[in-house]
Amino acid sequence: MNQDLVRLDRDDSNFTRWQDKLKFMLTALKFFYILDPDLQLLLVSTDKDSEEVKAARKKREEDELICRGHISNALFDRLYDLYTNTKFAKEKWNALHYKYMAEEEGSKKFLVSKYFNFKFFDEKPLLPQIYELQIIVNNLRVAKIELPEPFQVGTIIAKLPPSWKGYMKRIHHKSEDYSLEEIQKHLRIEEESRSRDKTIEEFNNGKVNSINKPTNPRGNNQKENSGNNQKKGNFGNYLSPRQDQGKFKNNKKGACFVCEKSGHYAHDCKFQKKQNEEAKVNAIKEEIIVEICVVQGKALGWWYDICTTVYVSNDKSLFKIFEEVGNGQEIQMGNEGRSKVLGKGSIELFFTLGRKITMANGNASSGMGVAEHSKSTFLELQRKKVYRYVIFKIDDKKNEVVVEKTGGPAESYDDFTSSLPENDCRYAIYDFDYVTSENCQKSKIFFIAWSPSVSRIRAKMLYATSKDRFRRELEGIHYEIQATDPTEMDLEVIRDRAH
């Protein structure tokens, strides 16, 4: 039975493991009582001993021999030779115990130091590193050093690598206490989500067009010309124009249809090149600029702020629609100075390629109205719990936010997420019910701004500029989530925010 038992060596650091295995084997064989420190010694044999006493003494001696043999058989040869003269099994067992436990006492400080110096790295998966840390904790527990579970959870959070800094702050701001099992579950979900996002990002960044060098359609047997023959044609690269392609053409004949002067063609005309350079603009089919302002002071040309989508000019004559603003509003310019806004309006820009950009009035694009039915539906969800969720959309014809769909109280969170379009923006309200650690039933109302990455730019800007106006009409919202991907509004994210 002890053939598969790991043998103990002289410098073995796993004595406790070896001792537990051997103890289990001797107990199963009913020989471990020989090692009991309270076991009474046998009396000296006499001629007056009964047959029962003689049988008990004989069994004790046989068990002693077998127990000592099992212990010796679980030792490597050099330890076997060292303790071969030990007569009794209990004596050998205690000698081994004192020897190795004294060595393990010296290793406690090393284990504590190893636990505190353990670090997590971004280059390795997180969960296997947590398992390695738990092995150290188990070794400390064997050494009679107990670490409270909240202390272990706090240590895991504090040792998270630098890329988890945002997640670490979010955990620290929560009042809920996590167990070891719960924190490992949260970290596993977060790690899988990050890995999935990284894979999608690498896939999107890797979409590039590659062009292989085509084979020569004129045949592989065509040899490159050398010497004077190279001047007759460019056969090395068949895609390039031949050097003698204009040999039979009557060059410089007629007048250029751009400048109507003779001596050159239109593609060589300097006026044509100048017009082409001026026509190099971004081709935008349709776009809405959130705000256009006239400022007081000298603003040379146009200023365009990419982050806030604001155009600035000091020329009123360029505006198709202009409305003065007297509220003292100021705007920060590109040179980090501030200028007073005199008015706002709309401008239409026509490009030489036929494209048009409609630079709409900021107040008109961000002041989307809210239908009364939308407000009343939200109040029914909030006060009467009639709905589990409500999905809103912007009606371009009515220029207001209207209700698109409602979900009953029995519908699940999966029903809600499947109701959101995959390629268009929406607003949504979700009533999330949960039970606290004190076994209290509570609910939180979430406002979700759904703006998938595949939706149109115009829809993204329209929903982004109208969100604050719509949100102000809905009083009693606890949390807001802006999601561009289903993983950003996963049920675990909702549950974490609610707690």
If we only count heavy atoms from C-beta on, is the [X] to [Y] side-chain gap below 4.5 Å?
X	Y	result
I136	Q134	no
P162	D122	yes
F120	E132	no
M461	I457	yes
F32	K23	yes
V137	Y115	yes
T27	F24	no
Y434	K444	yes

Verify, without hydrogens or angle tests, whether [X] (side chain) and [Y] (backbone) share a donor-acceptor contact under 3.5 angstrom.
X	Y	result
H478	I445	yes
T155	F151	yes
E190	Y167	no
D197	R194	no
Q152	L180	no
Q382	E475	yes
S455	S451	no
W450	P421	yes
S466	Y463	no
Q129	F121	yes

Measure the [atom1]-[atom2] distance between [X] and [Y] for me, rounded to the nearest 0.5 Å.
X	Y	atom1	atom2	answer
L420	R426	CG	CZ	8.5 Å
I157	K169	CD1	NZ	15.0 Å
L187	K185	CG	NZ	12.5 Å
I135	K114	CD1	NZ	8.5 Å
I448	Y479	CD1	OH	13.5 Å
I391	I429	CD1	CD1	11.0 Å

**OP:** Let me see the working for I394 and F470 under side-chain contact (heavy atoms from CB on, under 4.5 Å), right down to the final yes or no.
**Re:** CA-CA 10 Å; I394 295 179; F470 177 54; over 6 Å; no
Check whether the side chains of [X] and [Y] place a donor and an acceptor atom closer than 3.5 Å, and report yes or no.
X	Y	result
S419	Y389	yes
D415	S412	yes
S453	K460	no

Give a yes or no on whether a salt bridge exists between [X] and [Y], defined as a side-chain N under 4.0 angstrom from a carboxylate O.
X	Y	answer
E473	R469	yes
R188	E191	no
E380	K385	no

If I compare all heavy atoms of [X] with all of [Y], which pair ends up nearest, and what's the gap?
X	Y	value
Y427	A464	OH-N, 4.5 Å
S443	D431	CB-OD1, 3.5 Å
E411	G407	OE2-CA, 3.5 Å
T487	S193	CB-OG, 4.1 Å
L462	T465	O-OG1, 3.1 Å

For atom [atom1] of [X], is the number of surrounding heavy atoms from other residues, nucleotides or ligands below 6.0 Å larger than 12?
X	atom1	answer
E181	CD	no
K393	NZ	no
E422	CD	no

Subject >> Cation-pi check, R471 onto F447 ring (under 6.0 Å, within 45° of axis) >> reply: yes
**OP:** Determine, stepwise, if the pair I481 / E488 fulfils side-chain contact (heavy atoms from CB on, under 4.5 Å).
**Re:** CA-CA 8 Å; I481 294 179; E488 297 179 359; 5.7 Å; no
Original post:
Could you go step by step and tell me if N138 and R141 meet the side-chain contact (heavy atoms from CB on, under 4.5 Å) rule?
Top reply: CA-CA 5 Å; N138 292 334; R141 188 178 293 112; 2.7 Å; yes
Quick one: are the ring centres of [X] and [Y] less than 6.0 Å apart?
X	Y	value
H186	Y178	yes
Y413	F416	yes
Y430	F446	no

**OP:** Carefully, step by step, assess D433 and R388 under the rule salt bridge (Lys or Arg N to Asp or Glu O under 4.0 Å).
**Re:** CA-CA 9 Å; D433 295 334; R388 175 63 60 190; 2.9 Å; yes
**OP:** Would you sort out whether L140 and V112 count as a side-chain contact (heavy atoms from CB on, under 4.5 Å), showing the intermediate values?
**Re:** CA-CA 7 Å; L140 289 171; V112 173; 3.9 Å; yes
Subject >> Full working for side chain to side chain donor-acceptor pair (under 3.5 Å) between E182 and Q184 >> reply: CA-CA 5 Å; E182 290 174 344; Q184 292 184 39; over 6 Å; no
